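Within every chain, numbering begins at 1; the chains are lettered A, B, ... in the order of the sequence lines, protein sequences first and strands thereafter. On a predicted model such as this, the values are computed, not experimentally measured, just so you know.
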Number of protein chains: 2
Amino acid sequence: MLESHQYLRQFSIKPSVQRSAVMHFLLNNRIHPTIDEIFMALSPTMPTLSKTTVYNTMDLFVEKGAVQVLAIDEKNARYDVDISAHGHFFCKGCAKVYDIFDLKPEMFQLPVNEKFKIHAVESS
Amino acid sequence: MLESHQYLRQFSIKPSVQRSAVMHFLLNNRIHPTIDEIFMALSPTMPTLSKTTVYNTMDLFVEKGAVQVLAIDEKNARYDVDISAHGHFFCKGCAKVYDIFDLKPEMFQLPVNEKFKIHAVESS
DNA sequence: GTTTTTAATTGAAATGATTACAAAGATAAT
DNA sequence: ATTATCTTTGTAATCATTTCAATTAAAAAC
Ligand SMILES: [Mn+2]
Ligand SMILES: [Mn+2]
Ligand SMILES: [Zn+2]
Ligand SMILES: [Zn+2]
């Protein structure tokens, strides 16, 4: 969480206990988490944490450019601390988001309306 | 709406008055509409139409592969009667979705967290 | 063509994510 | 220490979507 402190400053985000904890989680769990996943992960060790704070914090992080928000999962917003331009693959089976860094053009020959979606991919 | 009738049959969707009206609207208004936009467009000439029916109808259309659902707008689901693999550009200014058929790789050098998003694009 | 069965539509209520808001708590400035 | 500013918190409101049971329409059986 020392590192998170520094990391936040790079984006001119004033660090607070909650903000550092959230950023620490994001940096160490690159699972494109939902608000609820962040909240449930931190809640045990931070019992006073409010879900509203997680919403506020993520809004601020996005505003400051420290994270990007993904709309690939229509159920919940998902957040990515990796702000580089890269693709995402959403599996409706396990409801997880995977990165696509090296896109193969053939992947776009997949039929639509299947059990996955590909978003914001880079051309290769 | 005669054409819509035929069109639905191509996807083995049993045509009803409501389904044909919705499909007619989709075929003639390729604006990637939301549920509400569809409902508000048809409601005047079809006063008994229920929004639930629009939801049911779009679910069926997606299930049968007649339309694809886009998650690019985090506020509402958007539907596209063009089921070919093509890209979408969402402008947060006018809240409209634009097609991207010929993607230029340079477009991906745009910074993230700006006032737009690019989804599900084809490689060029 | 009337009865019976099945499918589609409807409106109201429930759900679930997100947002708004106002009070309480913490930090910074004077 | 006092005051002002920023952050956190919990509750309530909002809004899209889903669930559900009742009504209506269409299809099948007789
Ligand atoms: Mn990612
Ligand atoms: Mn389109
Ligand atoms: Zn999976
Ligand atoms: Zn625009």
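Residues A:F25 and A:V54 fail the side-chain proximity criterion, which asks for heavy atoms closer than 4.5 Å. Side-chain contact between B:K96 and B:I31 is absent, with no heavy-atom pair separated by less than 4.5 Å. Proximity of A:M23 to A:E3: side-chain heavy atoms (C-beta onward) are nowhere separated by under 4.5 Å. Inter-residue side-chain proximity for A:I35 and A:N76 is flagged as unmet; no heavy-atom pair is nearer than 4.5 Å. Between A:I38 and A:N29, every side-chain heavy-atom pair lies at or beyond the 4.5 Å cut-off. Residues A:F11 and A:I83 are in side-chain contact: their nearest non-hydrogen atoms beyond the backbone lie under 4.5 Å apart. Within the 4.5 Å cutoff, the side chain of B:F61 has no heavy atoms near those of the B:V81 side chain. In this structure the side chain of A:M58 never reaches within 4.5 angstrom of the side chain of A:V69, judged on heavy atoms.
Identified under the side chain to side chain donor-acceptor pair (under 3.5 Å) test for residues 43-59 of chain A, with sequence neighbours left out: A:D36-A:K51. Residue pairs meeting the salt bridge (Lys or Arg N to Asp or Glu O under 4.0 Å) criterion with at least one partner in residues 5-15 of chain A, sequence neighbours excluded, do not occur; the list is empty.
In this structure, CG of B:L8 is placed 12 Å from P of C:dA8, rounded to the nearest angstrom. A:Y79 places its OH atom 13 Å from the P atom of C:dA17, with the value rounded to the nearest Å.
Within residues 25-51 of chain A, no residue has a heavy atom under 4.0 Å from DNA chain C.
In this structure, B:T53 reaches the bases: a heavy-atom distance under 4.0 Å links it to at least one base atom across the strands shown.
Bracketed by its first and final contacts, the part of DNA chain D lying under 4.0 Å from non-hydrogen atoms of chain B reaches from D:dA16 to D:dT19 in 5' to 3' order.
Considering only residues two or more places apart in sequence or on other chains, B:D99 meets the side chain to side chain contact (heavy atoms under 4.5 Å, CB included) condition with B:H32, B:D80, B:H86, B:H88, B:F101.
Of the residues near DNA chain D, B:A77 and A:T57, the one whose nearest nucleotide (by heavy atom distance) lies more toward the 5' end is A:T57. Map A:D59 and B:R19 each onto its nearest nucleotide of DNA chain C; the residue landing nearer the 5' end is B:R19.
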Heavy atoms under 4.0 Å is the rule here; annotate nucleotides 21-30 of chain C 5' to 3' with B where the base is hit, S where only the sugar-phosphate is, and - elsewhere. ----------

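For the OP1/OP2 pair of C:dT19 and a distance below 4.0 Å, the side-chain nitrogens and oxygens of B:K75 include at least one atom meeting the criterion.
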